[in-house]
Amino acid sequence: QVHLVESGGGSVQAGGSLRLSCAISGYPYLSYCLGWFRQASGKDREVVAVISSEGSTNYADSVKGRFTISEDKVKNTLYLQMNSLKPDDSAEYSCAAGHQSDCGIRTMVWNALDAWGQGTPVTVSS
């Protein structure tokens, strides 16, 4: 059984940093895409960052240069380092996994993935 469990969310002032973690267990595919999504209150869910099993990364324009996605294959953990946070970054952040061949921002579609975490909240105050 696949489990994705996020942690690391919280409240921070604008300009601050947070690192989110996503512990992954039971995922059977050797070739995969892992992604971070976020959904702010009253808005659609959007993909923030994606990493492939080969280590290639893609980012939404809104977070480029500020967020970094990474994976520790030994610990089976996905990370999202978020720097220079803005109030607009406030949202519920979730990790997800899929085994499609294209790990692009536009191809990482939430409902088409294999597994999803429950989410962790991030609040950025001005």
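Only heavy atoms go into these numbers, but all of them, side chains included; no hydrogens, no water, no symmetry mates.
Other residues, nucleotides and ligands contribute over 12 non-hydrogen atoms within 6.0 Å of the CG atom of Asp72. Within a 6.0 Å sphere centred on NZ of Lys43, other residues, nucleotides and ligands contribute 12 heavy atoms or fewer.
In this structure, Ile24 belongs to a hydrophobic cluster whose other members, linked by side-chain heavy atoms under 4.5 Å apart, are Val2, Leu4, Val12, Leu18, Leu20, Tyr27, Tyr29, Tyr32, Leu34, Trp36, Val48, Ile51, Tyr59, Val63, Phe67, Ile69, Leu78, Leu80, Met82, Leu85, Tyr93, Val122, Val124.
Panel note: side chain Glu71, backbone Ser53; no donor-acceptor pair is recorded below 3.5 Å. Of the possible donor and acceptor atoms, one in the side chain of Thr120 sits under 3.5 Å from a partner among the backbone N and O of Gly9. Panel note: side chain Glu6, backbone Gly119; a donor-acceptor pair is recorded below 3.5 Å. Judged by distance alone, the side chain of Trp116 and the main-chain N or O of Trp110 form a donor-acceptor pair under 3.5 Å. No donor-acceptor pair under 3.5 Å is formed between the side chain of Asn83 and the backbone N or O of Gly16.
Listed by chain and residue number, nothing satisfies the side-chain hydrogen bond (donor to acceptor under 3.5 Å, both in side chains) test with His3 (two or more places apart in sequence, or in another chain). Partners of Glu92 under the salt bridge (Lys or Arg N to Asp or Glu O under 4.0 Å) rule, at least two apart in sequence or in another chain, do not exist in this structure. When the side chain to side chain contact (heavy atoms under 4.5 Å, CB included) test is applied to Ser56, the partners found at least two apart in sequence or on another chain are Ser52. In this structure, Arg45 has no salt bridge (Lys or Arg N to Asp or Glu O under 4.0 Å) partners at least two apart in sequence or on a different chain. With sequence neighbours excluded, the residues satisfying side chain to side chain contact (heavy atoms under 4.5 Å, CB included) with Thr77 are Ser21, Lys75, Tyr79.
A salt bridge links Asp61 with Lys64; the closest basic N to acidic carboxylate O contact falls under 4.0 Å.
Taking both residues in full, the closest heavy atoms of Pro87 and Ser125 are given as CG-C, 4.5 Å, listed atom of the first, atom of the second, then distance. Here the shortest heavy-atom pairing between Arg38 and Ala91 reads CB-CB, 3.8 Å.
With contacts defined as side-chain heavy-atom distances shorter than 4.5 Å, the pair Glu54/Cys103 does not qualify. In this structure, His99 and Cys33 have side chains that are not in contact, with every pair of non-hydrogen atoms separated by 4.5 Å or more. No side-chain heavy atom of Ser17 sits less than 4.5 Å from a side-chain heavy atom of Arg66.
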side-chain contact (heavy atoms from CB on, under 4.5 Å), that's the test. Do Leu113 and Met108 meet it? Break it down for me. CA-CA 8 Å; Leu113 301 175; Met108 198 70 172; 3.9 Å; yes
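Going from atom OG of Ser62 over to atom NZ of Lys86 covers 8.0 Å, rounded to the nearest 0.5 Å.
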